Q: 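One structure follows; several queries about it will come next.
Any value given below was found using the heavy atoms of this structure, including those in side chains, with hydrogens, waters and symmetry copies removed. This structure is a prediction, so every number in the text was calculated from the model and none was measured.
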Amino acid sequence: MEDQVDREDATATAEAVRSGASDARAVTERAIARIEKLDPGLNAVIHRRFAEALAEIDAGLPDGPLRGVPVLVKDLGTQVAGLPAAGGSRLFTGGAADRDSELVARYRRAGMVVLGTTNTPELGLNASTEPILHGPTRNPWSAAHSPGGSSGGSAAAVAAGMVPVAHASDGGGSIRIPSAACGLFGLKPSRGRVSPAPQPSTLSGLVSGHHAVTTTVRDSALLLDIAAGPLPGDAYAAPTPSETFTASARRDPGRLRVGLITSLPDGPAVHPASADAAVAAARLCERLGHEVTELTAPYRTAEVGPASAVVMGSDLVARVDARLDQLGRQLADDDLEPFTRLLYDTYSRLGAADVSRALRRMQEIGWEVGAAFRAVDVLLSPTLAQPTPRIGLLDTRRPETVYEHASVYAAFTSVHNVTGMPAMSVPFGRDGEGLPLGVQFAADLGGEGLLLSLAAQLEAAAPWPRGAVLR
């Protein structure tokens, strides 16, 4: 693979198209060429619509803020008209989506060019992207390593330079985990910031949300401006911001109170490289004028995991049962991967009271974490407790071990899905094998603007690589 590729971000690409320095067809053809060259070694893009994309350009794109910018969409919880939408699962194969999701429609109205969909673990239920249906996606920094999950296909594609940005979603860390593994910026928005229409998310919508993986903060801010806002009838919506996210990313964050967390007393061991990255980020914050205080984690991982698992597990059962009803048959032995089947069998036994108890505990955890924001403005921690895993460590064909390993990689991230609060992974240093490390910042509900302003300040003070140095 080539050592470096074109690293213009989406904002710069759109500016070049707008000014006439480039044109949408040329930009898209270069992206297609990069996908065709690089993807055989990475397996990030599972369904392609290159001819359709070029025809849409020739017919004329909307004159939106990202006109002519190519984008890929994660194959989970979001659909692209004309493409399969199986969520990495053999049970859901067959047929194609008859319409775009609302988020994809907003991308198109902004002038973006949808080139295809990206790989994801089966139904998003893993911190690594290794589905049996499509095979594993590999990390552009090291083919022996995972790109994380569940937005691993999107992260690998952006890190490799196939496209400047890609859609991603996050139900337990699935934007932030692959961002950390691939050296990208990844923001999980507040609960209800982006509409899930037309796919009812049921209970999983309480913990899962959509956004993107990017190489720059300004791209993330602009994409969130494009994507944000409820549809009439959405079950819940995030607080309306006082300014655009793009404006937030351009302003000084002021002097912030940063709460530093480097360990989890009741959780997994934290690798020294992960903890050191968070401490180094804290020291940079101090040099930038922020106040840093060391904190004990305001939550217990032993309570976060089970509460989230019940909510996500009940949604899994509902999705699988609805699919079986649609197919008019019973569940076959090879419909689901062993780990997914274990979860399905486990959570099929849930009662209404079990779900209610989990929801009540989620609210209590939200209040516990929320109390920390009386003393600090943001929480800082490692994104991953352990460095990026190698391919095979999180193999879903070994359900007896995969949950144990997966929970390690979500130990710092999942709590912010349970609370619904926004959180971001910022690239910060490398581990002993030369792979990227990420640090996580979280804010109170509705605090995306604050996070983006801080991220832009950090990006300017300690610039990170725009994607992988391919090897």
Side-chain angles (χ1 to χ4, degrees), residues 127 148 172-173 175-181 183 185-188 253 255-305 365 368-389 404-419 421-433 435-444 447 450-451 454-455 457-458 461-462 464:
I175 288 175
R176 291 156 289 156
I177 291 170
S179 293
F185 178 71
L187 170 68
K188 179 197 80 70
R255 188 170 191 265
L256 300 178
R257 301 166 300 166
V258 179
L260 172 63
I261 301 168
T262 58
S263 64
L264 297 166
D266 75 322
V270 178
H271 192 279
S274 298
D276 289 348
V279 171
R283 300 291 82 84
L284 175 58
C285 287
E286 287 181 326
R287 293 195 296 274
L288 293 170
H290 305 301
E291 176 189 351
V292 176
T293 303
E294 293 189 32
L295 298 181
T296 300
Y299 61 92
R300 294 179 58 82
T301 55
E303 296 179 351
V304 170
I365 293 168
E368 291 165 3
V369 176
F373 290 110
R374 298 170 189 161
V376 300
D377 300 302
V378 294
L379 295 173
L380 164 61
S381 71
T383 304
L384 304 179
Q386 293 289 317
T388 301
E404 175 187 353
H405 291 306
S407 62
V408 168
Y409 288 95
F412 283 106
T413 57
S414 182
V415 64
H416 302 300
N417 297 87
V418 166
T419 67
M421 296 167 179
M424 64 183 182
S425 182
V426 177
F428 214 91
R430 309 274 183 88
D431 67 16
E433 296 188 79
L435 273 76
L437 291 168
V439 295
Q440 177 180 246
F441 291 87
D444 199 0
L450 176 64
L451 292 178
L454 174 59
Q457 185 185 55
L458 295 170
W464 52 75

Q: With a 3.5 Å distance limit and no angle check, can you tell me whether D377 reaches the backbone of R257 through a side-chain donor-acceptor pair?
A: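 It does hold such a pair.
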Q: Look up atom OG1 in T388 and atom CG in L437, then write down how far apart they are to the nearest 0.5 Å.
A: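 Interatomic distance, T388 OG1 to L437 CG, rounded to 0.5 Å: 7.0 Å.
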Q: Under 3.5 Å, is there a donor-acceptor pair between the side chain of R176 and the main chain of Q440?
A: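 Such a contact is absent between R176 side chain and Q440 backbone.
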Q: More than 12 foreign heavy atoms under 6.0 Å from CD of E286: is that the case here?
A: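 Result for CD/E286: enclosed.
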Q: Using modelled atom types and a 3.5 Å cut-off, is there a donor and acceptor pairing between side-chain atoms of H290 and backbone atoms of L256?
A: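 At least one qualifying donor-acceptor pair exists.
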Q: Identify the two heavy atoms, one from G148 and one from I177, that lie closest to each other, and give their separation to 0.1 Å.
A: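 Heavy atoms of G148 and I177 come nearest at CA-CG2, 4.2 Å.
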Q: How many angstroms lie between atom CZ of F428 and atom CG of L284, to the nearest 0.5 angstrom?
A: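 Those atoms lie 5.0 Å apart.
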Q: For V270 and P382, which heavy atoms make the closest approach, and how far apart are they?
A: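 For V270 and P382, the tightest heavy-atom pair comes out as CG1-CG, 4.3 Å.
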Q: Heavy atoms only: give me the nearest S274-P387 pair and the separation to one decimal.
A: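 S274 and P387 have their closest heavy atoms at OG-N, 4.2 Å.
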Q: Determine the minimum heavy-atom distance between A269 and Q386, stating which atoms define it.
A: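 That closest heavy-atom pairing would be O-NE2, 2.9 Å.
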Q: Yes or no on side-chain contact (heavy atoms from CB on, under 4.5 Å) for V426 and F441, after CA distance, side-chain angles and deciding distance?
A: CA-CA 8 Å; V426 177; F441 291 87; 4.2 Å; yes
Q: For K188 and M421, indicate whether the former's side chain and the latter's backbone hold a donor-acceptor pair under 3.5 Å.
A: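 Yes, the answer is positive, given that a donor and an acceptor are paired below the 3.5 Å cut-off.
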Q: State, to 0.1 Å, how close A461 and L288 come at their nearest heavy-atom pair, and which atoms those are.
A: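 Shortest heavy-atom separation between A461 and L288 comes out as CB-CD2, 4.0 Å.
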Q: Check whether any side-chain N or O of S179 sits under 3.5 Å from a backbone N or O of I175 as a donor-acceptor pair, and report yes or no.
A: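 Yes; judged by distance alone, with no hydrogens or angles, the pair exists.
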Q: From the options L260, T262, V376, select the one residue that forms a side chain to side chain contact (heavy atoms under 4.5 Å, CB included) with L295.
A: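 Output: one option passes, namely V376.
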Q: Ignoring hydrogens and geometry, is there a side-chain-to-backbone donor-acceptor pair from R430 to P436 under 3.5 Å?
A: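 Absent.
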Q: Could you grab the distance from atom CZ of F412 to atom CG of L384, nearest 0.5 Å is fine?
A: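 Those atoms lie 9.5 Å apart.
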Q: Over all heavy atoms of both residues, which pair between V292 and C285 is shortest? Give the atoms and the distance, please.
A: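 Nearest heavy atoms, V292 then C285: CG2-CB, 4.2 Å.
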Q: Is S263 reaching over with its side chain to a backbone N or O of P265, donor-acceptor style, under 3.5 angstrom?
A: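 Pair absent, no side-chain N/O of S263 close to backbone of P265.
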Q: Quick one: do I261 and L380 satisfy side-chain contact (heavy atoms from CB on, under 4.5 Å)? Show the steps, please.
A: CA-CA 6 Å; I261 301 168; L380 164 61; over 6 Å; no
Q: As an exercise, state the distance from CD1 of I365 to OG1 of T419, rounded to the nearest 0.5 Å.
A: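 Going from the CD1 atom of I365 to the OG1 atom of T419 covers 9.0 Å.
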Q: May I ask you to check whether S425 and T383 show a side-chain donor-acceptor distance below 3.5 Å?
A: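 Yes, T383 and S425 have a side-chain donor paired with an acceptor closer than 3.5 Å.
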Q: Looking only at atom types and distance, does a side-chain atom of Y409 sit under 3.5 Å from a main-chain N or O of G173, one as donor and one as acceptor?
A: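 Not confirmed, Y409 side chain does not pair with G173 backbone.
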Q: Give the ring-plane orientation class for H416 versus Y299, where under 30° counts as parallel, over 60° as perpendicular and anything between as tilted.
A: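 Taking Y299 first and then H416, their aromatic rings stand perpendicular (interplane angle over 60°).
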Q: Taking atom CG of D431 and atom CG of D276, what is their separation to the nearest 0.5 Å?
A: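 Answer rounded to 0.5 Å: 12.0 Å.
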Q: Out of curiosity, T301 OG1 to D266 CG, how far, rounded to the nearest 0.5 Å?
A: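 One gets 3.5 Å once the value is rounded to the nearest 0.5 Å.
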